[in-house]
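Right, one structure below, let's go through it.
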Amino acid sequence: MSFETPRPPSWVVCQACGDEDTILTPHVRCRSCGGLQEVRHRAPGLPGPLLRGLFNTRCCHRGDSEVSGVWRFKELILPGLSEENIVRYPEGNTPLVFRERLAERVGVEDLRCKVEGMNPTGSFKDRGMTVAVSQARASGARAVACASTGNTSASMATYAALAGLPAFVLVPAGQVAPAKLAQTEATGAHIIPVEGDFDACLRLLEEVAPTVGVHLVNSINPFRIEGQKAVMFEILQQMEWDPPEWVALPAGNLGNTAAVGKALLEARAWGLLDRLPRLLAVQAEGAAPFAAGFADQFATRHRVTATTRATAIRIGDPASWDRAATAIRETHGEVIAVPDEAIFEAKREIDRAGIGCEPASAASVAGVRVLRARGTIAAADRVVAILTGHLLKDPTPDPARMTSLPPIPATAEALRSALA
């Protein structure tokens, strides 16, 4: 379809064939060709310096400030969505922290961690879900659904409960951390275990959901990407709009990689910054199709059977491949794969620095360590590592830290001996 001029503030366009739709579309894929869609925006009506000032006035200064770290940037997220349809927890406003000990271990003088585990349900997914569920409500959805390795389901279930919408979750049977399933179940969402991996769950849901009027909110949903962009806007705001040299993040289904890249390109186009940081997308070696694609300049779309103890990135056929490839190309980024041992080593360092994260989150720091050792990242570079999920999301004990010490007798003498 086409629009008369002037265009609305935002619209949806197919990245494959260019067909367009409104922001109230119930379809996550193009109705003409089945391609992934992207939300496009008219340029905000303010120049970059005034936009930065506007966002700063909304940030945690007064009682009437915007409480959401996503909707604070509404002009860059979904300006045309009516206020009555927005579902806030609120989300965002997560800390950007520096720990000298961690920076020294990694070999980078200025390493800051964006602790997304401080979002309401414990992961970055809340940023995308506030927008996806708000758009679903605005478009008249009967219910929402997702395939998940855990974090997506917990987030969707919570925002669906806030919106008063039924929620359905497909999970790979026996492959999701119990803490994440407990979160999902607590909100009243319907959990459907599937005999297969995450990719099988998503394929099945994509086939069936549109036929029964259920709104799909996985990261193939373009509105998820819009919400997840806010992490980058928030990082830039926290750094006074002076971007770092590198932004590192774990890479599973690649929605976050796509979102951060899109945020950076839009921020430059709209005058919020004049140079781009480089992106570093980090995968686990046992689930690294995107790293294989990067090695051949994305000439081939790779698919693998994913195996890694970092369950949140155990994905072998990433849905946001094309979007993420664009983000890496446009930011002159890097994609690497690291072994599980390196991920858990990085997690130990993050935990001991008093920050904490779930295993998959630590892939970002593990990747920074690898590129620093190669000399690709300089010691003087400023680096932001996004930690995507909370420590308690996946509290499975790390085998390297487990002990087999027997319990001590309940006596003062025994305790003195143990402490010694």
Side-chain angles (χ1 to χ4, degrees), residues 15 36 38-41 48 73 76-77 96 108 110-114 116 124 127-128 219 222 224-239 241-283 288-299 301 313 318 320-338 363-372 374-378 380-388:
Q15 293 178 287
L36 288 182
E38 180 180 73
V39 180
R40 299 273 177 87
H41 307 286
F73 307 103
L76 314 182
I77 303 295
L96 183 65
V108 177
D110 189 348
L111 172 65
R112 308 183 203 188
C113 293
K114 182 62 169 167
E116 287 291 275
F124 76 94
R127 292 185 185 271
S219 59
R224 277 279 306 277
I225 301 300
E226 294 309 295
Q228 288 169 213
K229 289 187 325 189
V231 69
M232 195 65 240
F233 297 140
E234 197 170 273
I235 289 168
L236 292 171
Q237 187 176 46
Q238 289 169 317
M239 299 185 73
W241 304 96
D242 182 16
E245 278 67 50
W246 289 88
V247 176
L249 67 167
N253 213 25
L254 303 181
N256 232 15
T257 305
V260 170
K262 188 171 189 285
L264 288 170
L265 295 172
E266 290 175 347
R268 182 177 63 179
W270 296 332
L272 289 165
L273 73 167
D274 55 13
R275 64 176 180 82
L276 298 179
R278 298 179 68 182
L279 290 187
L280 169 59
V282 187
Q283 298 201 287
F290 195 54
F294 177 75
D296 67 12
Q297 299 182 321
F298 301 120
R301 176 161 181 167
I313 54 175
S320 292
W321 178 287
D322 292 335
R323 297 166 173 165
T326 297
I328 294 298
R329 289 192 193 100
E330 293 294 328
T331 64
H332 303 287
E334 297 272 342
V335 185
I336 63 170
V338 296
S364 57
V365 172
V368 172
R369 176 175 273 157
V370 169
L371 288 201
R372 176 69 195 100
R374 293 179 184 173
T376 307
I377 293 177
D381 284 346
R382 293 173 306 150
V383 181
V384 171
I386 297 177
L387 307 181
T388 47

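Only a predicted model underlies this, so the values are computations on that prediction, with no experimental measurement involved.
Between Arg323 and Glu38 there is no salt bridge, since no side-chain N of the basic residue sits under 4.0 Å from a carboxylate O of the acidic one. Taking 4.0 Å as the cut-off between side-chain N and carboxylate O, Asp242 and Arg275 count as a salt-bridged pair.
For the pair Val384/Met239, a side-chain contact is recorded, criterion being any heavy-atom separation below 4.5 Å from C-beta on. For the pair Leu280 and Thr376, the minimum side-chain heavy-atom distance is 4.5 Å or more. Counting heavy atoms from C-beta on, the side chains of Ile235 and Val231 come closer than 4.5 Å. Side-chain contact between Val282 and Val368 is absent, with no heavy atoms from C-beta onward closer than 4.5 Å. Residues Leu387 and Ser364 are in side-chain contact: their nearest non-hydrogen atoms beyond the backbone lie under 4.5 Å apart. Considering only heavy atoms from C-beta on, Ser320 stays 4.5 Å or farther from Thr257 through its side chain.
Here the straight-line distance linking atom CG of Leu111 with atom CZ of Arg372 works out to 12.0 Å at 0.5 Å rounding. Separation of atoms NE2 (His332) and CG (Leu276) is listed at 8.0 Å; rounding is to 0.5 Å. A distance of 11.0 Å separates CG in Leu279 from CD in Glu334, rounded to the nearest 0.5 Å. Of the inter-residue distances, the one linking Ile386 atom CD1 with Phe124 atom CZ reads 9.0 Å to the nearest 0.5 angstrom. For the atom pair Phe290 CZ and Leu254 CG, the distance stands at 5.0 Å (nearest 0.5 Å). Rounding to the nearest 0.5 Å places CD1 of Ile77 at 10.5 Å from CD of Gln228.
Listed here is the closest heavy atom pair of Ala363 and Pro250: CB-CB, 4.2 Å. In plain terms, the two heavy atoms of Leu273 and Ala267 that are nearest each other are CD2-CB, 2.9 Å. Scanning both residues, Ala327 and Ala258, for their nearest heavy atoms gives CB-CA, 4.4 Å. Summarising the geometry of Leu272 relative to Gly48, their closest heavy-atom pair is CD2-O, 3.8 Å, with the distance given to 0.1 Å. Looking at every heavy atom in both residues, Asn253 comes nearest to Pro318 through OD1-CA, 3.4 Å.
In this structure, the side chain of Gln283 engages the main chain of Ala291 through a donor-acceptor pair within 3.5 Å. Checking side-chain atoms of Arg382 against main-chain N and O of Glu245 turns up no donor-acceptor pair under 3.5 Å.
Taking the six-membered ring where the residue is Trp, Phe298 and Trp321 present perpendicular rings, their angle passing 60° and hence far from 30°.
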- Task: Run the numbers on Trp241 and Leu236 for side-chain contact (heavy atoms from CB on, under 4.5 Å), then give the verdict.
- Result: CA-CA 5 Å; Trp241 304 96; Leu236 292 171; 3.6 Å; yes

task = Could you please spell out the steps behind the side-chain contact (heavy atoms from CB on, under 4.5 Å) verdict for Lys262 and Glu226?
result = CA-CA 9 Å; Lys262 188 171 189 285; Glu226 294 309 295; 2.7 Å; yes

Point to revise | Candidate pair Gln238 and Arg112, rule side-chain contact (heavy atoms from CB on, under 4.5 Å), full reasoning | key: CA-CA 11 Å; Gln238 289 169 317; Arg112 308 183 203 188; over 6 Å; no

Notebook entry, point to check: Can you list the steps and then say if Val247 with Met232 is a side-chain contact (heavy atoms from CB on, under 4.5 Å)?
Noted result: CA-CA 9 Å; Val247 176; Met232 195 65 240; 4.0 Å; yes

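By the side-chain hydrogen bond (donor to acceptor under 3.5 Å, both in side chains) test, Asp381 is found to be paired with Trp246, residues two or more places apart in sequence or in another chain being considered.
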